[in-house]
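Below is one structure, written out as structure tokens; the observations come after it.
If you're wondering where the values come from, they're calculated on a predicted model, not measured in any experiment.
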Amino acid sequence: MNDIGRRGFLARTGLALSAAVLAGAYDRAFADQQSPKNTFRNWDDLRAQFPLSRQLIHLAAFFLASHPTPVREAIERHRAGLDADPIGYWHEHEEKQEAKVLQAAADYLCADPTDIALTDSTTMGLGLLYGGLALRPGQEILTTTHDHYSTETSLRLRAERTGATVRQITLYRSLKTVSRDEIVDSLRKGVTPATRIVAVTWVHSSTGLKLPIREMALAIQSINRSRSEQDRVIFCVDGVHALGVEDFCLRDLGCDFLIAGTHKWMFGPRGTGLVWGHPKAWPIAQAIIPTFNTQAYDLWMENRSASDLPPSIHMTPGGFHSFEHRWALDEAFGFHQAIGKSKVTQRIYELNQHLKQGLAAMSHVTLHTPVSQDLSAGIVCFEVAGMEPRTVVDTLRQRKIVGSVTPYATQYARLAPSLLNSRQEIDTTLGVIRNLRSS
Ligand SMILES: Cc1ncc(COP(=O)(O)O)c(C=O)c1O
């Protein structure tokens, strides 16, 4: 924030001093309660940091995060400060805390903080990005039949509002035979000279299938070699079920946009998310909601244009938020970094393998998610012969095992082993499913 802008106004009104004094007092008051710097000891210790019921085996934890200790404590710290002096605490923390969150996200993603916009959810990111793409007449959006409600609806709303063309393709014939080559080939064949946007989902919450995003990005890069910058295909990925599962660096992934909530596998505060864009791709995104970024706001107060600011800045929607949640997001990235990205992936894969191999061996179970971790991440979808998916999930719940039903036209029972589970819990779950029989 510059001195002429809102901070200048604050200083002139004398609020700044009292805000600083009060904020310092809150920080000191909570300093003793802060957890020691994030450290990872073992999986039991990690599990103990979540206030999740011990009566249940949580195999739908990705649905909405339970907050681990450092995230919970940070939320409480910010909440107390805001409750005691909303304007003072906001002025003291808004700029530095948002910068901290962006830096933590950038460190985790191997990205630049200025390429990241903060949102409240995956859906908000998808809606803002797809709703505001600058397309020329005749350019189309290519998407798939495998995407989530939020992608499909954002694109449909966009098409209804502007007449944009949205075309859907299927990426594979059958989950039984799907391969990375088939997916990349289908994508390559689906792109036409009119295709300006490709919108896909990294890990399908309908089936657990994981797309080979890196290979798809390479295929798109090769198509783009013969296109001018203004016609090149922009590759957008809903990465919500990969973030906090897959060990990746954005600089190596090759997509143009990654949209994700951080309140699922990342264990970030509920109501948080982000959109990352490659600096070359960001200009295609036009903001829909005015940002409250201090530089943009200050320029407005000075009757100056903010159009020279990085586009990602405009894509963090303004209005006030539940700041205690947003400002605690850096702790979730720190929590994951303390474990280590590769260890996170390894653990989730190990538990998922164990579950999938157990299910595949049961004659009354049809496993839909590919067994190979090349084509799956942390979500396992299956059916039990003669039982509705809802009945399977309800029966598991009665046995204290929490799963979910895929919220799609075709429904499956869905379990998602995560960092919160043990091998023993997977064994217990397999034991219960082994004994499930239709009546
Ligand atoms: C693939 C996918 N994208 C988007 C969403 C919506 O996520 P959010 O609740 O963060 O908006 C979900 C749902 O849970 C999902 O499975």
Side-chain angles (χ1 to χ4, degrees), residues 46 60-68 71 101-113 115-126 128-129 147-148 150-151 199-205 208-214 216-217 235-278 312 315-316 325-326 328-349 352 373 376-379 416-420:
L46 178 122
F62 74 89
F63 184 78
L64 188 57
S66 170
H67 299 151
V71 172
V101 167
L102 287 170
Q103 190 59 58
D107 290 347
Y108 179 85
L109 294 165
C110 325
D112 193 315
D115 293 332
I116 299 170
L118 297 175
T119 63
D120 295 353
S121 63
T122 325
T123 305
M124 180 190 268
L126 292 166
L128 290 172
L129 181 67
D147 295 290
H148 184 260
S150 298
T151 288
V200 302
T201 302
W202 193 338
V203 180
H204 296 162
S205 47
L209 178 73
K210 176 174 73 180
L211 299 185
I213 294 298
R214 172 87 188 123
M216 293 167 85
F235 188 29
C236 309
V237 180
D238 170 349
V240 70
H241 298 302
L243 186 64
V245 179
E246 296 294 310
D247 181 7
F248 68 96
C249 254
L250 275 174
R251 73 168 87 90
D252 307 325
L253 194 62
C255 64
D256 291 287
F257 285 103
L258 185 94
I259 309 98
T262 42
H263 51 191
K264 295 187 191 285
W265 299 88
M266 276 312 298
F267 307 130
R270 293 182 285 270
T272 58
L274 56 82
V275 178
W276 169 85
H278 190 281
S312 58
M315 287 293 285
T316 294
H325 280 217
R326 174 165 291 182
L329 178 54
D330 56 327
E331 295 290 349
F333 288 108
F335 189 77
H336 270 255
Q337 297 274 39
I339 307 166
K341 280 157 90 169
S342 68
K343 206 182 252 174
V344 165
T345 305
Q346 215 182 334
R347 173 73 172 178
I348 294 174
Y349 280 12
N352 273 264
Q373 288 303 143
S376 60
I379 294 176
S418 72
L419 300 183
L420 304 168

Under-2.5 Å SG separation for cysteines Cys110, Cys249:
yes
Is Val101 close to Ile116 at the side-chain level, that is, under 4.5 Å between some pair of heavy atoms?
no
Which of Leu211, Val200, Asp256 passes side-chain contact (heavy atoms from CB on, under 4.5 Å) with Val237? It is Val200
Does a side-chain heavy-atom distance below 4.5 Å link Trp265 with Leu419?
no
Stepwise side chain to side chain contact (heavy atoms under 4.5 Å, CB included) check, Phe235 with Leu253
CA-CA 11 Å; Phe235 188 29; Leu253 194 62; over 6 Å; no
Interatomic distance, CG@Asp330 vs CD@Gln337, rounded to 0.5 Å, equals 11.5 Å
Would Thr201 and Asp147 count as having a side-chain donor-acceptor pair, cut-off 3.5 Å?
yes
Name the orientation class of the two ring planes belonging to His325 and His67 (parallel below 30°, tilted from 30 to 60°, perpendicular beyond 60°).
perpendicular
Closest non-hydrogen contact found for Ser312 with Ala117 is O-CB, 3.6 Å
Would Leu258 and Trp202 count as a side chain to side chain contact (heavy atoms under 4.5 Å, CB included) here? Give the steps.
CA-CA 9 Å; Leu258 185 94; Trp202 193 338; 4.0 Å; yes
Measure the shortest side-chain to side-chain distance between Leu109 and Phe248 over non-hydrogen atoms and say whether it is less than 4.5 angstrom.
yes
Between Cys236 and Leu129 the two heavy atoms that sit nearest each other are SG-CD2, 4.3 Å
Smallest heavy-atom separation, Gly125 atom then Thr119 atom, equals CA-CG2, 3.9 Å
Going by salt bridge (Lys or Arg N to Asp or Glu O under 4.0 Å), name the pairs with one or both residues in residues 237-246, residues two or more places apart or in two chains.
Lys210-Glu246
Scan the side chains in residues 269-277 for donor-acceptor partners under 3.5 Å anywhere in the protein, sequence neighbours excluded, and list what turns up.
{"from": "Arg270", "atom 1": "NH1", "to": "Ala65", "atom 2": "O", "distance (Å)": "2.7"}
{"from": "Thr272", "atom 1": "OG1", "to": "Thr262", "atom 2": "OG1", "distance (Å)": "2.7"}
{"from": "Thr272", "atom 1": "OG1", "to": "Pro269", "atom 2": "O", "distance (Å)": "2.6"}

For Thr122 against Ala260, the heavy-atom pair lying closest together:
OG1-C, 3.8 Å
Hey, what do you get for NE2 (His241) to CG (Leu209), rounding to the nearest 0.5 Å?
13.0 Å
Within-4.5 Å side-chain heavy-atom neighbours: Val344 and Lys341
no
Nearest atoms (heavy-atom pairs only) where Asp252 meets Arg214
O-NH1, 2.8 Å
State the CD1-CG distance between Ile379 and Asn352, to the nearest 0.5 angstrom.
9.0 Å
Does the side chain of Leu64 come within less than 4.5 Å of His263's, by heavy atoms?
yes
Which heavy atom of Ser121 sits nearest to which heavy atom of Met124, and what is that distance?
OG-N, 2.9 Å
Interatomic distance, NE2@His278 vs CZ@Phe257, rounded to 0.5 Å, equals 10.5 Å
Lys/Arg N to Asp/Glu carboxylate O, Arg326 vs Asp120, below 4.0 Å:
yes
Distance from Glu331 atom CD to Leu329 atom CG, nearest 0.5 Å?
9.5 Å
